[in-house]
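Side chains are part of it too, since the values below use all heavy atoms of this structure and drop only hydrogens, waters and symmetry mates.
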Amino acid sequence: MLGRGCGGRGERLKEMIAQMQAEENQKKAAAEAALAVTQQTSPPKVGAFVGRGRGMLGILSQQLAAEQPGPSQTRSFGRGMAMKSLLSASESQQPVQQQASASESRPLQRLTESVESLSLQPRAKPVPVVDRPPEVHLGEAGTSVTMSANYIRLQCDPDKGMFEYFVRFIPEVDNVRLKYELISSKKDILGDTRTFDGQTLYLPYLLKEEVTILDAVSRLDQSRIKIEITFQRKRSLGECVHFYNVLFKRIMHMLNFIRFGRNNFNPKEAVSIPEYRLEVWPGFVTAVENHEGGLLICCDVSSRVLRKVTAYQIIQDIAHGRDAGNYKELALAAIVGNSVMTDYNKKLYRVDDIDFDMTPKTTFKKNGEDISFMDYYKNAYGIEIKDPHQPMLIHREKASKQSPGQAQEEPKLIALIPELSNMTGLTDAMRSDFHIMKRLNMVTSLPPNLRQAKLKKFIHIVTETPETCGLLRNWGLKLEAHSIELTGRVLDPEKIIFGDRKITRGSDIADWKREAGDFQMLSAVDLKKWVVVYSRKDQQIADTFIATMKKVAQRVGMMVATPNCHVLNSDKPSDYVSALRSTIKPDIQIVVVMFQSRREDRYAAVKQVCLVENPIPSQVLIASKLKGNKVTAITQKIALQMNCKLGGTLWGVKIPFADTMICGLDSYHDPSRRGCSWVGFIASVNKEVTRWYSQVLQQAPGQELVDVLQPALSTALNAFHTENGKYPLKIIFYRDGVGDGQLKLVREHEVPQLLAVLKNVHSNYEPKIAYVIVQKRINTRLFTMRREEENPLPGTVMDHTITRRHYYDFFIVSQHVTQGTVAPTHYLVIFDTTNWKPDYLQILTYKMCHLYYNWPGTVRVPAPTQLRRYCDLIENQLELH
């Protein structure tokens, strides 16, 4: 009954099964009947045990293999392993057999049920896996508007798809390259379009037979090999997303686009800016995802700025400049840390060092022989190196990830020729040059109509190029000829609340600059005792500022007294520090420090005193900005900022949700201080959501997930209780800085911390919670369809079609832009017990975008996530920064 196995483990296995049959008298008849059926059945499917002990042992190996971790279809299971499993199973059953369930404690019963489940009927064709229906979270508030987005629908041929096959070679083939050659030799049956990883074969169509047997000949020894190809399943769209993304990378390569990072650029359409020695490469970033509206590809326009200057030219300019004696240090500062692109292979490399002892005449080993860099580039690329004495740039390749316990590999060093390496990106000096940035914006900042025109051009290129069109067609895919059209909603403009019961209806572009300067602040703090520190050279500017400050502050309801002035004879950082230490007193409300120009050392010194040594609100000004006809407007903004730092409130919006605490959270990694990682946390403490508790905490180096949430939230709850006499009934978290790959981890790691804190407040405290991820670095763009594609109005909501298939998420366009294309913000609700309608959370989120007091209009993200960036280490806990 056990097949033709004899002696050793096979005989011992027979005895064990016979003994178990005796113990299982009530199952004996069923087992014998099952064994009789087994002798008549065909050998088990591919992947089960195949050998001398077929029959019952083969089925047993299938059953036990299915219980092991990993894919059972690909694992051999011998008699030794079967016997070992039976031994461990019988030993573990002795003390707990009465308590365990029948399926868990009786391996023979599992074996019998497995055998009884076999059928002599022909197997039906497997039903393709169908994606689960999307989770619908649709709002209704607002006015409907016709829109489009930078998403293109991928049409899928119903007769094609992603068909998965298991491949077995008889006899077994260990040479991976030979496996590929054997599969490639059967393209008359398998076709040219396929993907094979050595074991699993993916085809765009279903073969005629469920098990296809092919004959092939090995090129190594001319032996005959059988290829057994067994159909497994048709993969669902959700499982094919990664493959489709890889497919579009291949399409970009076929179109001769150059890939930098995750984006692809077209050097043939480069735009030259010769006056600044710059060149802009246009390109695209693509991402295929299974959305609520089906399989869609998001395609956004991208740009890459290249400098038409080589690293060699920079080194030469420094070497022949004024500081030629210190040129090595200056060259390292100018080049190291930047990326260069090599002309000969169009690849990007980060420069990690400059080796001044190595030159193009230096030799290295290639195929066991010494060859110089000059000879290598001449032989490989036909390039003549002009300067044989130039130093070499060094790039360190990142070491591949090692398995646990495996020794870390040394990083591979790549030497680059400076005269063949073009600099990329912009320097700090270029970014601070208004004229350069304005010229670049004319090329890179595209309005909606031009952006959509680029998208249509991309569709045309892909669908009209024979190679790319044929590749998509072979996999049963087709790009629609235009981007998708949608129906969005525009929320009603928010009413802005000022002092003296002044309420103004927000404009369509969500801007209230005029009202902020004319109406009184919602809550003003009189400035009675304050200090102004400035250089003697800026005496006239300081006098004008103080006079203007008194005038504009009174108009918005803030009374300003004459300050104490401290005049400096020089603008050294030490002079400012000495002045602050002598003038800061307990009764001083705020200090104003005026610089002649921007200098990081002066600013850092002032903030060191005002934040660490003697914490006090401070305001830093640049004297050169307080000139001309804009003094009044600038001073007005400064007055508003100073009122906020003193604990005042500029404006508000109506918050319909009582007893609700709004929180913002983000983590920050300081690149200038290795090993430092910080968490910024902020929470509202009043019902109008205008006053905030803030805290900055340190955590493990480089850690993105927040481990210090518990103490921060606990203290914030106490602050809310102190202000209101009770704890909040609802807590809304806005978590910034989380990518798609961390969504599940955040939900499993941070949300439990939050719940643990709430349990410790008191036994009956169970507030409703919503945990919302805020994503602003996205490629989604929305357009309103009027005369042509235009930017949507602030308050535009999109919560269907382009949203995630199995997430509760939505997009909101919250700000107005005057140049380029507006970018929406993506919100993903990963935990929610509020039972609110989608409208409520969408409206609350949009309201929060009105409460950032550095700007009299809406901002791109809710105020808590914007404010948490400015949480200083040492500040009064209820001060609004």
Side-chain angles (χ1 to χ4, degrees), residues 147-162 187 191-195 202-205 237 240-272 279-291 293-304 346 443-444 446-486 779-783 785 788-789 801-802 821:
M147 306 184 67
S148 66
N150 60 332
Y151 286 78
I152 312 164
R153 195 177 302 279
L154 268 177
Q155 297 177 348
C156 301
D157 189 338
D159 297 329
K160 292 188 177 183
M162 182 73 69
K187 63 181 180 180
D192 291 323
T193 305
R194 62 185 178 275
T195 297
Y202 296 103
L203 297 176
Y205 51 82
L237 287 178
C240 301
V241 167
H242 174 70
F243 171 80
Y244 291 146
N245 279 292
V246 174
L247 188 66
F248 269 89
K249 287 183 183 178
R250 184 178 173 187
I251 287 175
M252 292 297 189
H253 180 71
M254 296 171 68
L255 293 174
N256 296 320
F257 279 38
I258 305 299
R259 188 171 182 85
F260 292 156
R262 298 181 180 180
N263 300 354
N264 301 274
F265 300 94
N266 187 2
K268 297 179 181 178
E269 297 187 1
V271 179
S272 180
E279 190 174 70
V280 179
W281 286 14
F284 299 94
V285 52
T286 60
V288 181
E289 188 63 62
N290 193 18
H291 296 269
L295 193 64
L296 304 175
I297 174 172
C298 177
C299 182
D300 191 27
V301 177
S302 181
S303 299
R304 182 81 186 193
K346 301 299 183 184
V443 179
T444 60
L446 300 177
N449 57 338
L450 293 183
R451 189 175 290 266
Q452 280 291 72
K454 292 267 188 181
L455 181 58
K456 293 175 183 177
K457 184 176 182 179
F458 170 78
I459 298 174
H460 177 77
I461 293 174
V462 174
T463 54
E464 296 299 323
T465 303
E467 293 81 3
T468 57
C469 185
L471 180 62
L472 289 173
R473 184 173 58 250
N474 290 340
W475 282 104
L477 301 174
K478 181 182 178 182
L479 275 181
E480 286 193 350
H482 51 80
S483 57
I484 62 173
E485 294 186 1
L486 308 163
N779 296 316
T780 299
R781 297 293 182 270
L782 298 174
F783 312 97
M785 303 295 290
E788 58 182 10
E789 290 86 356
T801 306
I802 63 173
T821 303

Dump the intermediate steps for side chain to side chain contact (heavy atoms under 4.5 Å, CB included) on S303 and V443, then the final yes or no. CA-CA 9 Å; S303 299; V443 179; 5.8 Å; no
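- Residues L479 and I297 have side chains in contact (heavy-atom distance under 4.5 Å, counting atoms from C-beta outward).
- Among all heavy-atom pairs drawn from R194 and L203, the shortest one is CB-CD2, 3.5 Å.
- Between the side chain of T821 and the main chain of L446, a donor-acceptor pair closer than 3.5 Å is present.
- Atom OH of Y244 and atom CG of L477 lie 5.0 Å apart (nearest 0.5 Å).
- Using a 4.5 Å cut-off on side-chain heavy atoms (C-beta onward), F243 and V288 make no contact.
- In this structure, NZ in K160 is found 8.0 Å from CZ in R473, a value given to the nearest 0.5 Å.
- Of all non-hydrogen atoms in S148 and S483, the two that sit nearest each other are CB-OG, 4.4 Å.
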Please lay out, stage by stage, how L486 and Y151 fare under the test side chain to side chain contact (heavy atoms under 4.5 Å, CB included). CA-CA 10 Å; L486 308 163; Y151 286 78; over 6 Å; no
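- Counting heavy atoms from C-beta outward, K346 and P267 have side chains that stay 4.5 Å or more apart.
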Quick one, T195 with V246, criterion side chain to side chain contact (heavy atoms under 4.5 Å, CB included). Give me CA distance, side-chain angles, the key distance, then yes/no. CA-CA 11 Å; T195 297; V246 174; over 6 Å; no
Run the side chain to side chain contact (heavy atoms under 4.5 Å, CB included) check on R451 and N150 step by step: do they pass? CA-CA 9 Å; R451 189 175 290 266; N150 60 332; over 6 Å; no
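- The two residues Y205 and G191 make their nearest non-hydrogen contact at OH-N, 3.4 Å.
- Under a 4.0 Å N-O distance rule, the pair E789/R781 does not qualify as a salt bridge.
- With rounding to the nearest 0.5 angstrom, the OG atom of S302 is 8.0 Å from the CG atom of N779.
- Considering only heavy atoms from C-beta on, L154 comes within 4.5 Å of F248 through its side chain.
- For the pair L472/T463, no side-chain contact is recorded, criterion being any heavy-atom separation below 4.5 Å from C-beta on.
- In terms of heavy-atom proximity, P204 sits nearest to W475 at CB-CE3, 3.4 Å.
- Here the side chains of T465 and M254 are not in contact, with every heavy-atom distance at 4.5 Å or above.
- The closest donor-acceptor contact from the side chain of N266 to the backbone of F257 lies at 3.5 Å or more, if one exists at all.
- Nearest heavy-atom pair across E480 and I152 is O-CG2, 3.6 Å.
- Between N264 and F284, every side-chain heavy-atom pair lies at or beyond the 4.5 Å cut-off.
- A distance of 9.0 Å separates CD1 of I461 from CE of M252, quoted to the nearest 0.5 Å.
- Within the 4.5 Å cutoff, the side chain of V462 has heavy atoms near those of the L255 side chain.
- Under the 30°/60° scheme for interplanar angles, the aromatic rings of F260 and F265 are found to be tilted.
- For the atom pair SG of C240 and CG of N245, the computed distance is 11.5 Å after rounding to the nearest 0.5 Å.
- Ion pairing between D157 and K478 fails under the 4.0 Å rule for side-chain N and carboxylate O.
- Rounding to the nearest 0.5 Å places CD1 of I484 at 10.5 Å from CE of M147.
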